[in-house]
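Heads up: the structure comes next, in structure tokens.
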Amino acid sequence: MKAAVLKEFGSPLAVEQVPDPVLGTGEVVVDVVAAPVLPYATEVFSGERQYALTLPVTPGAGAIGRVRACGPDATRLAPGDWVLCDPAIRSRDDVLTPDITLQGLSARGEGGLFLQRHFGQGSFAERVLIPTENAVPLGPVEPADAGVWSALTLALVPYGGFLAGGLEPGETVLVSGATGNFGGAAVAVALAMGAARVVAPGRDEGALAELVRRFGDRVTPVRLTGEDDTERMMTAAGGPMDLVLDILPPAAGPAPVRAAAMAVREGGRIVLMGGVGMLDGAELALPYRWLMRNNVTVRGQWMYRRDAPLRLVALARSGLLDLRQWEVTEFPLDDAVEAVAHAADRAAPFRLTVLRP
């Protein structure tokens, strides 16, 4: 089959013929129809992000496709079914603390790297091999809409954060990083889950105005200045937050994360999903006494729990999460290098670049 291959960090992707995936028990082979390209893919492929990725590799985290073949233990999936290929692959021999690899992107620890040896090849290819449980049924999909459905792979990350934080309908949520690619998805997901108000801090006034244009007065924009940001966020929201989700990238630094976190109410929750300190930068510091005396819960969350993809598909099918918010630009697999560059240049909320093998 044809695939885009990263042979060395810093080198361009090479589109070439690679061996077909070989189906085993507990696995599914999917014909890839649309594979999303992350806006920071250039940082991963250059080595800047220092992701644990064994080379050479076919990159690509997640896809929309059709089942080509199933293993003998699949009782409901059938060839031809439309599925979301969930890239968060977990080991099956430890339910409490499974090792995880993000297919075609990264891994957590030595166990995740071990998983990469079998499930490491990602979705920038005509076909992809995934565990049976990672083939999430979508129901009927028009082939022309496959690119739009791939927005689920972006929305899944903040959705996992909100599930971890126990977001309840009617709550006030602050999304730290709301003007970014994942942050914009977080705003859409929070509203779809029933948040009464989403506070969106940021420095880009145009991006903040665009969020309000899309979602109306349930979004409260706050321009960050670096001075009294916490107080201004609470004033704009009419009080402290029920839940703060941080999804800022590594370059942001800890200051805006701390300002957002300190805006949470007594008994509130803070969920950390961004990249602060990930590239040897300054770490986030929160005051022990304030956390303790205000009964604040701080939780780190990497990706999402196992049932999140199926639940998110239902949210989209219901119309609560409108995937049509995303503007999709498509490239053929042969133009993978151009697609990666385009994704970096168009790194903004609700803009999505996909490959169409």
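By convention here, the first residue in the shown sequence is residue 1.
Between V157 and W302 the shortest side-chain heavy-atom distance does not fall below 4.5 Å. Looking at heavy atoms from C-beta onward, V136 lies out of side-chain contact with V83 at the 4.5 angstrom threshold. Inter-residue side-chain proximity for F331 and E338 is flagged as met; some heavy-atom pair is nearer than 4.5 Å. Inter-residue side-chain proximity for V313 and L152 is flagged as met; some heavy-atom pair is nearer than 4.5 Å. Looking at I270 and L243, their side chains never come closer than 4.5 Å, going by heavy atoms from C-beta outward. Side-chain contact check for L129 versus H118: some heavy-atom pair is nearer than 4.5 Å. Considering only heavy atoms from C-beta on, R356 stays 4.5 Å or farther from P332 through its side chain. Taking 4.5 Å as the limit, every side-chain heavy atom of P79 sits out of range of all side-chain heavy atoms of D81.
Salt-bridge check for E133 with R90: failed, with every basic side-chain N at 4.0 Å or more from each acidic carboxylate O. R265 and D242 are joined by a salt bridge, as a carboxylate oxygen and a charged side-chain nitrogen come within less than 4.0 angstrom of each other. Salt bridge D145/R324: present, at least one basic N to carboxylate O contact under 4.0 Å.
For A207, the side-chain contact (heavy atoms from CB on, under 4.5 Å) partners are T179, D204, not counting sequence neighbours. Contacts of R299 classified as side chain to side chain donor-acceptor pair (under 3.5 Å), with partners at least two apart in sequence or in another chain: Q301.
Shown here is R311, whose CZ atom has no more than 12 heavy atoms of other residues, nucleotides or ligands within 6.0 Å.
Tested against R127, the residues M1, Q121, K2 include a single side-chain contact (heavy atoms from CB on, under 4.5 Å) partner, M1. Of the options V30, L138, N134, a side-chain contact (heavy atoms from CB on, under 4.5 Å) to L84 is made by L138 and by none of the others.
Taking every heavy atom of both residues into account, Y51 and L105 meet most closely at CD2-O, 3.6 Å. The shortest heavy-atom contact between P36 and V354 is CA-CG1, 4.0 Å.
One side chain, T225 or R232, offers a donor N or O that lies under 3.5 Å from an acceptor on the other. Inspection of the T220 and R197 side chains reveals an N or O donor paired with an N or O acceptor under 3.5 Å. Y40 and N181 share no side-chain donor-acceptor pair at under 3.5 Å.
For the atom pair CE of M241 and OG1 of T172, the computed distance is 7.5 Å after rounding to the nearest 0.5 Å. One distance of note links CZ of R293 with CG of N295; it measures 11.5 Å at 0.5 Å rounding. Going from atom OH of Y159 over to atom CE of M303 covers 14.5 Å, rounded to the nearest 0.5 Å. One distance of note links SG of C70 with CG of L77; it measures 5.0 Å at 0.5 Å rounding. Within the model, atoms CD of E126 and CG of L333 stand 6.5 Å from one another, a figure rounded to the nearest 0.5 Å. The structure places OG1 of T101 at 10.5 Å from CZ of F119, a figure rounded to the nearest 0.5 Å.
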Could you please spell out the steps behind the side chain to side chain contact (heavy atoms under 4.5 Å, CB included) verdict for Q325 and R214? CA-CA 8 Å; Q325 292 282 351; R214 285 178 181 272; 2.7 Å; yes

Could you walk me through whether V271 and V244 pass side chain to side chain contact (heavy atoms under 4.5 Å, CB included), step by step? CA-CA 6 Å; V271 179; V244 172; over 6 Å; no

Check step by step if side chain to side chain contact (heavy atoms under 4.5 Å, CB included) holds for D86 and I130. CA-CA 8 Å; D86 173 12; I130 57 176; over 6 Å; no

Between R68 and D31, is a salt bridge (Lys or Arg N to Asp or Glu O under 4.0 Å) present by the stated rule, with each step listed? CA-CA 6 Å; R68 184 181 185 88; D31 288 323; 3.1 Å; yes

Please assess V5 against E16 for the test side chain to side chain contact (heavy atoms under 4.5 Å, CB included), listing each intermediate value before the final yes or no. CA-CA 7 Å; V5 181; E16 56 189 42; 4.0 Å; yes

Would you please test E171 and R269 for salt bridge (Lys or Arg N to Asp or Glu O under 4.0 Å) and show each step? CA-CA 11 Å; E171 289 193 313; R269 296 95 70 201; 2.7 Å; yes

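A centroid separation of less than 6.0 Å is found between the aromatic rings of F350 and F215.
A distance-only check finds no donor-acceptor pair linking the side chain of N294 to the backbone of L291 [under 3.5 Å]. Remark: side-chain polar atoms of S106 are not paired, donor with acceptor, to backbone N or O of L102 under 3.5 angstrom.
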